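Taking it in order: structure first as structure tokens, then the write-up.
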Amino acid sequence: MVSLGISFSCVAAARTTPSLASSPSCSNNKPFASLHTTRSLETSRVPFRLEISYDRRFSAELRWKPSAAARSGSVVATTKPEPLKIMISGAPASGKGTQCELIEKKYGLVHIAAGDLLRAEIGAGTENGKRAKEYMEKGMLVPSEIVVMMVKERLLQPDAQEKGWLLDGYPRSLSQATALEDLRIRPDLFILLDISEDILIERVVGRRLDPVTGKIYHLKYSPPENEEIAARLTQRFDDTEEKVKLRLKTHHLNVEDVLSTYKDVIFKVNGDAPIEDVFVEIDKALSSILEEKSRIDSASMAAGMTHWIC
Ligand SMILES: Nc1ncnc2c1ncn2[C@@H]1O[C@H](COP(=O)(O)OP(=O)(O)O)[C@@H](O)[C@H]1O
């Protein structure tokens, strides 16, 4: 008897180990459904090892066996669909950071804000940080050679790859969008927060940041919870009416190019609405993408198993 072992990752599979059921022979190309396994359709990635044994007459015997990882209990039935990949865009102070906090909390995505990466470089006093600050103070975009690498490296970190990512305020120009396309980094959804200009100025001048928790506040719309927090709030150096007008001009100059790159996945939301209402819209869109991903995952697993076995 010759034994051939093939490792196989079964996606929608068995909550319980499949019984070591087998088809007496594979030569008649029986469809997978005819195998007597105790499978229940569930989204759990449980790796099994499929053993095919041939005897001298070349009649084959199939056996499902849990892989070493499954036997050792290190496999947890936690299959989620492919993680979400989301971009969020909008004028300065349109509410990106605020919505990202809510999305991060509900969906567990890794929030990557290009502005925060740059401000961290500035804070650390690096050469890149010093150069970046010169541009940011003028309301201009930081040159791509500084920012592209920074964002790319962050996106490729294991946490972002595993949990999914939420890219905030990036890309902001055609060259940045093209750089991501070249790396085959594409979002499932490109959220665009649409906001009117007068509301935006009011939001910028009232915006404050808690340096301890990283939470964003607004003196009027989302005030700090207590005096202690209020006392330590800081204001961003570019959050003045004068600077926001320059930033807005830059935004308008570039936004159409960026939108053209993602036109098939754009989701426009009215950013003038209260924080909770904006989130309801975003939440609906993200849940339906997750459902769709889950459906595709199950369907492709079923198709893959049938194809492989037959
Ligand atoms: N929908 C909203 N309604 C009222 N205020 C908001 C809303 N979204 C954000 N804000 C406030 O506006 C300011 C800018 O929001 P923020 O999320 O920091 O914008 P961005 O990240 O787009 O620059 C913050 O002070 C925030 O608390």
Side-chain angles (χ1 to χ4, degrees), residues 86-106 109-120 122 132 135-137 139-142 147 151 165-173 176 187 189-226 229-230 232-252 254-255 258-259 266-285:
I86 306 297
M87 287 179 180
I88 185 161
S89 167
S94 53
K96 299 182 292 293
T98 304
Q99 294 302 320
C100 284
E101 266 178 38
L102 300 171
I103 298 170
E104 195 183 1
K105 205 155 145 199
K106 172 145 189 194
L109 305 182
V110 175
H111 177 205
I112 302 171
D116 289 349
L117 294 178
L118 288 166
R119 280 184 284 276
I122 296 173
Y135 289 87
M136 287 165 85
E137 280 186 329
M140 292 165 72
L141 291 180
V142 173
V147 80
V151 172
W165 45 259
L166 175 59
L167 191 51
D168 167 4
Y170 191 92
R172 289 195 198 225
S173 67
Q176 293 176 0
L189 194 71
F190 185 98
I191 301 168
L192 177 66
L193 295 176
D194 197 23
I195 176 170
S196 36
E197 220 162 288
D198 42 344
I199 291 189
L200 193 147
I201 309 264
E202 193 193 9
R203 285 200 194 164
V204 163
V205 295
R207 168 161 58 187
R208 295 294 182 274
L209 176 79
D210 181 347
V212 176
T213 61
K215 191 166 173 202
I216 306 159
Y217 291 94
H218 189 279
L219 296 179
K220 181 169 163 194
Y221 300 113
S222 154
E225 294 86 352
N226 57 50
I229 298 175
R232 66 185 186 222
L233 294 183
T234 58
Q235 190 173 18
R236 269 170 49 171
F237 69 87
D238 52 357
D239 268 356
T240 60
E241 185 167 344
E242 179 204 7
K243 288 209 170 96
V244 83
K245 284 187 173 154
L246 293 171
R247 285 159 62 202
L248 198 54
K249 214 165 139 194
T250 307
H251 169 77
H252 288 316
N254 291 288
V255 70
V258 175
L259 293 183
I266 290 175
F267 178 65
K268 202 165 164 180
V269 187
N270 174 17
D272 291 351
I275 294 173
E276 305 73 34
D277 296 4
V278 177
F279 184 64
V280 166
E281 293 303 308
I282 294 177
D283 191 21
K284 271 194 245 164

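Note that ligands are numbered from 1 as they come in the structure, with each ligand's atoms numbered from 1 the same way. What you see is a predicted model; the values in this text were computed from it and never measured.
Listed by chain and number, the residues in a side chain to side chain donor-acceptor pair (under 3.5 Å) with Lys243 amount to none (sequence neighbours excluded). Taking the side chain to side chain donor-acceptor pair (under 3.5 Å) definition, one finds that Glu241 meets it with Lys245, sequence neighbours left out.
Rounded to the nearest 0.5 Å, atoms CD (Glu281) and NZ (Lys268) are 14.0 Å apart. Note that the CE atom of Met140 and the NZ atom of Lys249 stand 11.0 Å from one another [nearest 0.5 Å].
Lys96 is listed as a side-chain neighbour of Leu193, based on a closest heavy-atom distance under 4.5 Å.
Evaluation of the side chain to side chain donor-acceptor pair (under 3.5 Å) test over residues 190-207, restricted to residues two or more places apart or in two chains, returns Ser196-Asp272, Glu202-Lys220, Glu202-Tyr221, Arg207-Asp239.
A heavy-atom cutoff of 4.0 Å around ligand 1 is satisfied by the protein residues Ala91, Pro92, Ala93, Ser94, Gly95, Lys96, Gly97, Thr98, Arg203, Arg207, Ile216, Tyr217, His218, Tyr221, Gly271, Ala273, Pro274, Ile275.
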